[in-house]
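To start, I am sharing the structure in question, which I have written as structure tokens.
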Amino acid sequence: MDLQIAWFCLIAFFWSGYFLLEGFDFGVGMLLPFVPRDEKERGVMLRTIGPVWDGNEVWLVVAGAATFAAFPAWYATMFSGFYLALLLILFFLIVRVVSFEWREKSEGRAWRSVWMWANAGGSAGIALVWGIALGNLLQGVPLDSNQDFAGNLADLFSLYTVFAGLTFVLVFAFHGASFLTLRTTGDLCRRAGRASRLLVIPAVAAGAAFLIWTVSVAVDVNDKSVFPPILPAAVAIAALVSAAALAYLGRSGRAFAMTAIGTVSVVATLFVSLYPRVMVSDPSFENSLTVSNAASEHYTLAVMSVIALITAPLVLLYQAWSYHVFRGRIGVEEPPGSPVDLLARKTEG
Amino acid sequence: VQDLLLTSEANSPGVSTAWLGVSLGFFVSLYLALGVVDFVLMRRYARLDLPPPREESPATAVTY
């Protein structure tokens, strides 16, 4: 029983890490068509996330894999129920990954423009679809008595879930803009600051509305009381509002810390609102998947816990180290180099 | 596992054959298109003349 709760928390942790980290590289991707003045600056923007974006993406793989191993019934129903949503996410992931690799292979204007939009569209698309998918876990989808998905595609779209998707897009765009103000120099940095001040009001308004709506959905359909989901929601709103104030004051480091706390707290609000269910059934609430009826055997969870306790801290350590290595600001005047060259320069100096 | 978990039992119950076909076709054509672009890129790079050899600094040479 306790291990089930631990794995539920761990999966929430992986999703938080995924959106905290990949959230800002989605944001940088979404801003690619708007913030830079020329291809050189666009290249600088891509290099701010170049060494880290694919490491960030692994958090999604881990969240999926942990769900598969710890809560197979949840994984089965979610991944087959959200079949088309996942197809879309894979499409966006594929074109986005390719855009990082292929953009610089040719200087043609059409070529550059295709991959810029592939990256921007992929980033926004993934954020939108994940928002819709995670919103559906809480708002409820039709499940039958086998706890299989019994609805159709149209069941996944409602005002709440689409608003969840849009909120993810706006919050990540703001998170990405505040990341850019931390990692760039000169004119690009100033324009990133302007973008973050433009995004701050829609992002904070949408975030606050979404959080309040989430708590009310939890009360309405998931048999929760206002407390405890209101706790992480309040933290998230406070963090987003302080991020707004700090963005106007030009304190980019603190603003980024606040958008980071805000992003994590948004995910925490969703998962606290879900618990003890992992996927709400609506109608037929009694068919909902819960932490206990979707979980693997105790033995499986115990083995996984031992493995996770050994490997997870190692992964966290080396990921933190890679962020430490690539902490410097970059600007247009710096010669472009591969991550290996950058690493060599950093370790020499 | 042999005879225990059959493919037919492991299928997503809510996903119709038509959708399976559509998604398979979608990914096959996506990867084919990307493969063609990749082939053209590789051929273009393979036909380029080699750049003059670079002076590698000793420090960089060691890290490789």
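Per chain, numbering begins at 1; letters A, B, ... match sequence-line order.
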Heavy-atom contacts under 4.5 Å, residues 144-155 of chain A to chain B: A/D148, A/F149

Which residues share a side-chain hydrogen bond (donor to acceptor under 3.5 Å, both in side chains) with A/E39, sequence neighbours left out: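 Counting only residues at least two positions away or on another chain, A/E39 forms a side-chain hydrogen bond (donor to acceptor under 3.5 Å, both in side chains) with A/R42, A/R103, A/R112.
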
Atom CZ of B/F27 with >12 non-hydrogen neighbours under 6.0 angstrom: yes

Check: B/F26 ring centre within less than 6.0 Å of A/F91 ring centre: yes

Part of residues 92-100 of chain A lying next to chain B, heavy-atom separation under 4.5 Å: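 A/I94, A/V98 fall under the 4.5 Å cut-off.
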
Other residues, nucleotides, ligands: >12 heavy atoms within 6.0 Å of A/E286 CD: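 Check passes, neighbour count above 12.
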
Region of B/D38 that comes under 4.5 Å of a non-hydrogen atom in chain A: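 When you check distances to chain A, atoms from both the backbone and side chain of B/D38 fall under 4.5 Å.
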
Interatomic spacing from CH2 in B/W19 to OG in A/S80 - rounded to 0.5 Å: 14.5 Å

Residue among B/V22, B/L34, B/N11 with most heavy-atom pairs under 4.5 Å to chain A: B/L34

Minimum heavy-atom distance between B/R44 and A/K105, given as atom pair plus value: NH1-O, 4.5 Å

Residue B/Y31 excluded, over 12 heavy atoms near OH under 6.0 Å: no

Residue list, side-chain contact (heavy atoms from CB on, under 4.5 Å) with B/L20, at least two apart or on another chain: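 Checked B/L20 against side-chain contact (heavy atoms from CB on, under 4.5 Å); matches are A/Y83, B/V15.
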
